[in-house]
Protein chains: 4
Amino acid sequence: MTEKPRRESRIQRKNRELILSAALQEFSARGFAGTTIDQIADAAGLSKPNVLYYFASKDTIHVALLQAALEMWLAPLREIQAEGDAADQLLAYARRKLEMSRDYPQESRLFANEILQGAPRLAPILGGELRALVEEKSALIAQWSAQGRIAPVEPRHLLFSIWALTQHYADFEVQVRAVLGEGHDPFAEAQVFLDQLYRRLLAP
Amino acid sequence: MTEKPRRESRIQRKNRELILSAALQEFSARGFAGTTIDQIADAAGLSKPNVLYYFASKDTIHVALLQAALEMWLAPLREIQAEGDAADQLLAYARRKLEMSRDYPQESRLFANEILQGAPRLAPILGGELRALVEEKSALIAQWSAQGRIAPVEPRHLLFSIWALTQHYADFEVQVRAVLGEGHDPFAEAQVFLDQLYRRLLAP
Amino acid sequence: MTEKPRRESRIQRKNRELILSAALQEFSARGFAGTTIDQIADAAGLSKPNVLYYFASKDTIHVALLQAALEMWLAPLREIQAEGDAADQLLAYARRKLEMSRDYPQESRLFANEILQGAPRLAPILGGELRALVEEKSALIAQWSAQGRIAPVEPRHLLFSIWALTQHYADFEVQVRAVLGEGHDPFAEAQVFLDQLYRRLLAP
Amino acid sequence: MTEKPRRESRIQRKNRELILSAALQEFSARGFAGTTIDQIADAAGLSKPNVLYYFASKDTIHVALLQAALEMWLAPLREIQAEGDAADQLLAYARRKLEMSRDYPQESRLFANEILQGAPRLAPILGGELRALVEEKSALIAQWSAQGRIAPVEPRHLLFSIWALTQHYADFEVQVRAVLGEGHDPFAEAQVFLDQLYRRLLAP
DNA sequence: TATGAATGAGTTTTCATTCAT
DNA sequence: GATGAATGAAAACTCATTCAT
């Protein structure tokens, strides 16, 4: 997940992280093309050439962020195991993904921006690592269905639905909040709704 | 959905539509900031100044597209009626939204791009017209639940789920296709999955 | 003063004058470079191509206006005669020039703009026709001085002073009004002041 | 007259001054709208983006020049004092203003261009600082008249006359030279003329 | 490490002018 | 006469990136 950690001084590591954090904020808010290095440098409190001292180009920063975000999104999926209660595991996955949307909405938006625009930088990973992982977990879910431990569902679309429903609360947050108005906790409400939805869907 | 039809010559209407269609393609693929007027002009087969002869600025084109797309997205929601079978209507709404994702994915992506970036141009509409419409239909859905015609569900999050699940297939199409691989019809499969999901969720 | 009046229809003459009047207003307010043909067309209530139907180019309009304005400025100077009271004639000249600044400030500003920028279009006239005219009238004034009919003054700088003092009230009108504040009639006050000034200067 | 001298490197100060000097030359010769940043950059021997590195926009350069020029023009007026010979002070003021027209004609033309076009950027200063200063000095001049130290004159128009007569030699320099022809020193002659004019006007 | 200085290659827009009807 | 349509040439900025220190 981290870059090449060769002999980084403390200050170097700190600046790298400052830049990544600033860039995440800016990229997720305005997209790659809509963000200037100046904005990143300002947000990071560094000079523009100094930002480029740490990352060779604007693109390099972007790629570093995308890789980190992707790794983050894949982790919970990897944790789905054959052992344990089937429905509980899927519900827990949805819950964990929703928490991530709540706690890391910028990463979600960065990712969404990229996919929306055709995933020029992620395509190989999507068709490679991600696909393989989905295949693996889909086989597991199909098995659960076959064993009658959950209702029969198309496993890949089940996973898509979890992604769509949870990421929606991060990616479309403005819309969700605008529609709900004040006095709502979208993520808490979503958790209740999703629990209900998946319990009913998966009940054998 | 159409613009103001004031004394437009045939050629004018045609060029306007050429530009809007080209711009939709480019904006939805690369975002507002990532698209240049040159690209739009090329895609429309017009010169750059000629594009600006029809639309005062890049932004004007964008706004025209957003308004049309928004109107398109709102229409099916408006059609939900008190009369008729409750669950059927909601299932039909999901189905219609999914068809739109299939048939107008560019509009969906344009819209997603905008919301993702904080909806600078749509915020007032989201909190105004959209919110009011959602309130109205939510009341209807709540009533259906209260009458036992569908299971008790939080109506607004039910609507969010329909939006998220259907638009996902347009907005994240690259990912969906990459994960599924060749030989799949994502939208057809999604239809089956969503039917199942909402039937189970809404069964009283 | 008028262009070639060959077989102009009534409507043609009217449009020509509409354009010239609109252009005078715009050029005098924003300078040649700061004015667009669109602004002139709008002010004239005509379409842009129609403006260019009457005048081959923006420059052509400008030149027509300059020539008319110059002719207008020269006329009163021409009227200074050997006969009559010397001081009275010079006072009358100043008075007439001041009236022109009051009644035709746009022409004055158009002219000033041009001279300020090096008189690219007027240079030959300034060194030709104007110079000759000034020479002629200067000789007359010098003669008056020699005859003791007015005090001895350098005639050309006397003329410069009349130009400067009268045109100032048109060209620097904003400044004059800003300094005087409300409730003043700059031109009426100027008349009194200039009468006093020249009476004292010229008193033999 | 100088800008804010905050931590400017030598090269920065030098380039800033190069740009201002080049811009003064261009703006005074062709007006604001008639001047391009390219021309300024060329005249300064810098690249266009480098000019914009020092000044955020064409307008910023213009404003900086106007402020400096205005300050320069106001200074001599401020120096008129209650003490000393009344007529001498006014004559000295006219002389100083004439010297400035001779030595800084570009500043004069820049200023004239701006006023001519309605003083969009100076209006507040004209009605504020300038007006107050004129009020103050007018009171002084009125007092001198009342005390019989100079002839009774309308003080504000007296000041206008000094401005008009001296600035004319800078602003209308082309015309003055064209009319006088070769072999003349306009400013030297003007000095003699103005001395005579004001001595006669102000003689009690 | 860090940054002030500089710029080439765009990008959006403007505008005088032309063209076709 | 009149104008909708179109555009080449420029003009004001923008920005990722480089350079020198």
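Just so it is clear: chains get the letters A, B, ... in the order the sequence lines come, proteins before strands, and each one is counted from 1.
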> To the nearest angstrom, how far is Lys14(D) atom NZ from dA5(E) atom P?
Replying inline: 12 Å
> Phe27(A) and Leu65(A): which non-hydrogen atoms are nearest, and at how many Å?
Replying inline: CD1-CD1, 3.6 Å
> Tell me: CZ of Phe55(B) to C1' of dT14(E), nearest whole Å?
Replying inline: 19 Å
> Want to settle it: does Ala56(D) or Ile11(C) sit nearer the 5' end of DNA chain F, counting the closest nucleotide to each?
Replying inline: Ile11(C)
> Nearest of dT17(E), dT7(F), dT1(E) to any side-chain atom of Ser47(B)?
Replying inline: dT7(F)
> Tell me: CG of Asp42(C) to C1' of dT3(F), nearest whole Å?
Replying inline: 14 Å
> Under 3.5 Å, is there a donor-acceptor pair between the side chain of Gln39(D) and the main chain of Thr36(D)?
Replying inline: yes
>> Out of the candidates Asp59(D), Thr60(D), Leu66(D), only one should pair with Val63(D) under the side-chain contact (heavy atoms from CB on, under 4.5 Å) rule; please name it.
In response: Asp59(D)
>> Can you work out whether Lys58(C) or Asp38(B) has the more 5'-proximal nearest nucleotide on DNA chain E?
In response: Asp38(B)
> Starting at CG of Leu18(C) and ending at P of dA2(F), how long is that distance when rounded to a whole Å?
Replying inline: 11 Å
> Any side-chain N or O of Tyr54(C) under 4.0 Å from OP1/OP2 of dA2(F)?
Replying inline: yes
> Ignoring hydrogens and geometry, is there a side-chain-to-backbone donor-acceptor pair from Arg109(A) to Gln117(B) under 3.5 Å?
Replying inline: no
> How is Thr35(A) classified with respect to the nucleic acid when contacts are heavy atoms under 4.0 Å: base, sugar-phosphate, or nothing?
Replying inline: sugar-phosphate
> So, is Gln12(B) near the phosphate of dA5(F), with a side-chain N or O under 4.0 Å from OP1 or OP2?
Replying inline: yes
> Given dA5(E), is OP1 or OP2 found less than 4.0 Å from the side-chain N or O atoms of Asn50(D)?
Replying inline: no
> What integer distance in Å separates Ile19(B):CD1 from dA5(F):C1'?
Replying inline: 12 Å
>> Given dA2(F), dA6(E), dC13(F), identify the nucleotide with an atom nearest to the side chain of Ser57(D).
In response: dC13(F)
>> Please tell me if Asn15(A) has a side-chain N or O lying less than 4.0 Å from either OP1 or OP2 of dA2(E).
In response: yes
> Which part of the nucleic acid, if any, lies within reach of Leu52(B) when heavy atoms closer than 4.0 Å are counted: base, sugar-phosphate only, or nothing?
Replying inline: base
>> Closest approach to the side chain of Pro49(B), judged atom by atom: which nucleotide of dT7(E), dA9(F), dA2(E) is it?
In response: dA9(F)
>> Heavy atoms from C-beta onward define the side chain here; which of dT18(E), dA12(F), dT14(F) lies closest to that of Ile37(D)?
In response: dA12(F)
> So, for Ser57(D) and Leu52(D), which heavy atoms are closest and what is the spacing to 0.1 Å?
Replying inline: CA-CD2, 3.9 Å
>> Can you see if the side chain of Tyr53(D) gets near the phosphate of dA6(E) - specifically, an N or O under 4.0 Å from OP1 or OP2?
In response: no
>> Partner lookup for dC19(F), please. Criteria are Watson-Crick or G-U wobble with both distances under 3.5 angstrom; report none if nothing qualifies.
In response: dG4(E)
> From the list dT12(E), dA16(E), dG1(F), which nucleotide is the closest neighbour of the side chain of Thr36(C)?
Replying inline: dA16(E)
>> To check you understand the geometry: which heavy-atom pair defines the closest contact between Ile115(D) and Leu122(D), and what is its length?
In response: CD1-CD1, 4.5 Å
> How long is the line joining CD of Gln39(B) and P of dG10(E), in whole Å?
Replying inline: 12 Å
>> From CZ of Phe32(C) over to C1' of dC15(E), roughly how many Å is that when rounded to an integer?
In response: 12 Å
> With sugar-phosphate meaning primed atoms plus P, OP1 and OP2, does Leu46(D) contact a base, only sugar-phosphate, or nothing at under 4.0 Å between heavy atoms?
Replying inline: nothing
> Counting side-chain heavy atoms from CB outward, which of dA5(F), dG4(E), dG1(F) is closest to Ser9(D)?
Replying inline: dG4(E)
>> Using the side-chain heavy atoms of Lys48(D), tell me which of these nucleotides is nearest: dC13(F), dT1(E), dA6(E).
In response: dC13(F)
